Amino acid sequence: KAGVTQTPRYLIKTRGQQVTLSCSPISGHRSVSWYQQTPGQGLQFLFEYFSETQRNKGNFPGRFSGRQFSNSRSEMNVSTLELGDSALYLCASSPLAGGEQFFGPGTRLTVL
Amino acid sequence: AQKVTQAQTEISVVEKEDVTLDCVYETRDTTYYLFWYKQPPSGELVFLIRRNSFDEQNEISGRYSWNFQKSTSSFNFTITASQVVDSAVYFCALSEPGTGTASKLTFGTGTRLQVTL
């Protein structure tokens, strides 16, 4: 089985721009979660989607949003980028809520 | 609120030494899951183990073993006969299905393990 894939792997943007990151879960997995990893804040939960519905949301401003499609693929969007949004964004999939989460390689976003 | 503490920021050992990574957690829930993940330099988080709060039996998988003690809210991870390939950052995490946040993992700050020859 193919693992979780994330595209793009690397991204450079400037302040004020917006960005969309994509995540394809393991085949058959219906839950997709997103995490932000920074040196200062560590790994923080962004949100989780299950069957196209957002089930949980972390403590992030409204500039961070996401969605899930009927094929379980997920996208997250960050609008009006700030320097502090520079981070590794990790996506994880699970066959069901609360199960083992399997992570993708991440998208490293740099905001200049 | 849930919290995971990994007090060891960085550990350096020589190959073949045993090493234990500590994890202490806080939760008000009686039903919860604990996890360990490995993050090599490539960045991908690799799942190592999931343990639910009702199963205090220790687990061994090859050179890896885990000691779960509810009385001290600890879930420690031991690598026996460490190898250079074990060098990575290790994260302990907690999720609380009882609060409806089954898939929301709360991570510790991680322990960087450096194994040298």
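Just so we're clear, the structure is a prediction, and the values are computed from it rather than from any experiment. Computed over heavy atoms, backbone and side chain alike; hydrogens, waters and symmetry mates excluded. Letters A, B, ... mirror the listed sequences (proteins, then strands); counts begin at 1.
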> Side-chain heavy atoms nearer than 4.5 Å, only ILVMFWY residues, links allowed to pass through others: does that put Leu45(B) and Trp34(A) together?
no
> Using a 4.5 Å heavy-atom cutoff, which residues in residues 65-84 of chain A come close to chain B?
none
> Counting heavy atoms not belonging to Lys70(B), are there more than 12 under 6.0 Å from its NZ?
yes
> If hydrophobic clusters are built by linking Ile, Leu, Val, Met, Phe, Trp and Tyr wherever their side-chain heavy atoms come under 4.5 Å apart, do Leu113(B) and Val4(B) end up in the same one?
yes
> To the nearest 0.5 Å, how far apart are NZ in Lys104(B) and CD in Gln101(A)?
12.0 Å
> Kindly compute the distance separating OG1 (Thr106(B)) from CD (Gln44(A)), expressed to the nearest 0.5 Å.
10.0 Å
> By the side chain to side chain donor-acceptor pair (under 3.5 Å) test, which pairs, at least two apart or in different chains, include something from residues 37-47 of chain B?
Gln37(A)-Gln39(B)
> Is it true that Val46(B) and Phe107(B) fall in one hydrophobic cluster, defined by side-chain heavy atoms closer than 4.5 Å?
no
> With side chain to side chain contact (heavy atoms under 4.5 Å, CB included) as the test, would you mind laying out the steps for Tyr35(A) and Leu105(B) before giving the verdict?
CA-CA 9 Å; Tyr35(A) 293 82; Leu105(B) 294 177; 3.3 Å; yes
> What about Val89(B) and Val24(B), same hydrophobic cluster or not, with Ile/Leu/Val/Met/Phe/Trp/Tyr joined at side-chain heavy-atom distances under 4.5 Å?
no
> Is it true that, when you exclude Arg9(A) itself, more than 12 heavy atoms of the residues, nucleotides or ligands shown sit nearer than 6.0 Å to its CZ?
yes
> Can you get from Tyr49(A) to Leu46(A) by hopping between Ile, Leu, Val, Met, Phe, Trp and Tyr side chains that sit under 4.5 Å apart?
yes
> Can you tell me if NZ on Lys57(A) sees more than 12 non-hydrogen neighbours from other groups inside 6.0 Å?
yes
> Indicate every side-chain donor-acceptor pair of residues 77-85 of chain B with a distance under 3.5 Å to a residue at least two apart or in another chain.
{"from": "Thr78(B)", "atom 1": "OG1", "to": "Thr20(B)", "atom 2": "OG1", "distance (Å)": "2.8"}
{"from": "Ser82(B)", "atom 1": "OG", "to": "Glu17(B)", "atom 2": "O", "distance (Å)": "2.8"}

> Is it the case that over 12 heavy atoms from other parts of the model lie below 6.0 angstrom from the CZ atom of Arg63(B)?
yes
> Less than 4.5 Å to any heavy atom of chain B: does that hold for the side chain of Leu43(A), its backbone, both, or neither?
both
> Within residues 103-112 of chain A, which positions have a heavy-atom distance to chain B below 4.5 Å?
Phe103(A), Gly104(A), Pro105(A)
